[in-house]
Amino acid sequence: MKEEISFFEKVYKVVRRVPYGRVTTYGAVADYLDLGSARMVGWAMNKSFGEDKAVPAHRVVNRKGELTGRNHFSSPTMMQELLENEGIVIQKNTVQQFEKLFWNPSQEL
DNA sequence: CGTTTGACGGTCC
DNA sequence: CGGACCGCCAAAC
């Protein structure tokens with residue numbers, strides 16, 4: 001069998017490795033996979049909804065720790081509640097203690 | 001096959 | 001602080 005691994009499939013793999021209660025950024029994943037563009041990660045996440053395997057897209061935020069992708073979820077508040085459910089504090093659409101919860105694939109993987 | 005799009009990032013003002 | 005602009009690159013149209 002030939003598995004044509006697209007760039008976003010690699011993204012899924014990394015994002016699924018994000019530990020519970022932790023978050024990562026588009027830029028970090030893009031840099032780890034050497035995509036060269038953080039936009040590719042966001043695009044991959046968009047497609048992730050059509051994948052059989054669930055991708056914790058809610059654990060991926062932009063470099064400021066803002067929940068920029070919340071608008072693409074079932075509900076704009078879905079992403080925040082999912083993160084809060086993992087013990088992450090969200091305020092003004094931003095992850096509090098973001099630097100502390102930041103999971104860097106290049107560093108921890 | 002050219003153009004547009006995008007859940008980003010950085011810089012500039 | 002926020003709006004404007006550019007770069008980045010693959011997918012969608």
Side-chain angles (χ1 to χ4, degrees):
Chain A
M1 294 197 300
K2 186 178 182 182
E3 292 187 21
E4 297 179 38
I5 187 159
S6 305
F7 82 98
F8 44 66
E9 290 186 55
K10 292 196 265 186
V11 175
Y12 301 154
K13 207 156 84 177
V14 176
V15 175
R16 285 200 213 96
R17 283 187 165 104
V18 178
Y20 182 95
R22 294 283 216 95
V23 293
T24 189
T25 70
Y26 304 99
V29 177
D31 184 63
Y32 171 67
L33 297 174
D34 197 35
L35 300 177
S37 327
R39 288 184 151 176
M40 304 293 121
V41 181
W43 213 311
M45 306 305 342
N46 193 282
K47 294 267 285 180
S48 73
F49 283 93
E51 293 292 306
D52 291 320
K53 296 184 179 182
V55 179
H58 59 276
R59 292 188 193 143
V60 186
V61 295
N62 73 354
R63 98 146 189 96
K64 302 171 196 169
E66 296 174 308
L67 282 54
T68 49
R70 82 192 144 159
N71 209 17
H72 291 261
F73 281 77
S74 308
S75 193
T77 53
M78 189 69 162
M79 190 174 184
Q80 176 172 336
E81 298 204 23
L82 284 169
L83 289 169
E84 289 181 328
N85 188 42
E86 300 191 0
I88 299 175
V89 182
I90 308 297
Q91 205 167 84
K92 296 183 173 71
N93 305 318
T94 308
V95 177
Q96 300 304 295
Q97 300 181 334
F98 168 63
E99 292 183 25
K100 198 158 103 181
L101 297 173
F102 177 48
W103 181 80
N104 191 330
S106 302
Q107 191 179 124
E108 315 216 23
L109 209 57

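Sequence lines set the chain letters: A, B, ... in the order given, protein chains first and strands last, and positions in each chain run from 1.
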*asked:* Under 4.0 Å from OP1 or OP2 of dA12(C): is there any side-chain N or O of Lys47(A) that close?
replied: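 Indeed, a polar side-chain atom of Lys47(A) lies that close.
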*Would you say dG10(B) has OP1 or OP2 under 4.0 Å from some side-chain N or O of Arg63(A)?*
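True: Arg63(A) side-chain N/O within range (under 4.0 Å) of dG10(B) OP1/OP2.
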Any base atoms under 4.0 Å from [X], or only sugar-phosphate, or nothing? Heavy atoms, all strands.
X: Ala57(A); value: base
X: Phe7(A); value: sugar-phosphate
X: Leu67(A); value: nothing
X: Asn46(A); value: base

*How many angstroms lie between CD in Glu84(A) and CD1 in Ile88(A), if you round to the nearest 0.5 Å?*
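With rounding to 0.5 Å, CD (Glu84(A)) is 9.5 Å from CD1 (Ile88(A)).
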Closest listed nucleotide, where the reference is the side chain of [X] and the choices are [options]:
X: Ser37(A); options: dA10(C), dC9(C), dA7(B); answer: dC9(C)
X: Phe8(A); options: dA7(B), dG9(B), dA11(C); answer: dA11(C)
X: Thr68(A); options: dG9(B), dA7(B), dG6(B); answer: dA7(B)

Nucleotide [N], atom [atom2] - distance to [atom1] of [X] in whole Å:
X: Asp31(A); N: dG10(B); atom1: CG; atom2: P; value: 10 Å
X: Gln80(A); N: dA7(B); atom1: CD; atom2: C1'; value: 16 Å
X: Phe49(A); N: dA7(B); atom1: CZ; atom2: C1'; value: 9 Å
X: Asp34(A); N: dA10(C); atom1: CG; atom2: C1'; value: 15 Å
X: Met45(A); N: dA7(B); atom1: CE; atom2: P; value: 13 Å
X: Trp43(A); N: dC13(C); atom1: CH2; atom2: C1'; value: 10 Å
X: Leu33(A); N: dA10(C); atom1: CG; atom2: C1'; value: 14 Å
X: Met78(A); N: dA7(B); atom1: CE; atom2: P; value: 19 Å

*First of Lys64(A) and Met40(A) reached from the 5' end of DNA chain B, by closest nucleotide*: Met40(A)
*Are the side chains of Tyr26(A) and Val11(A) in touch, meaning some heavy atoms are under 4.5 Å apart?*
no
*Would you say the side-chain atoms of Ser37(A) pair up with the backbone N or O of Met40(A), donor to acceptor, closer than 3.5 Å?*
no
_Whether Arg59(A) and Glu86(A) form a salt bridge (side-chain N of Lys/Arg under 4.0 Å from carboxylate O of Asp/Glu) is what I want to check._
yes
*Going by an N to O cut-off under 4.0 Å, is there a salt bridge joining Glu9(A) and Lys53(A)?*
no
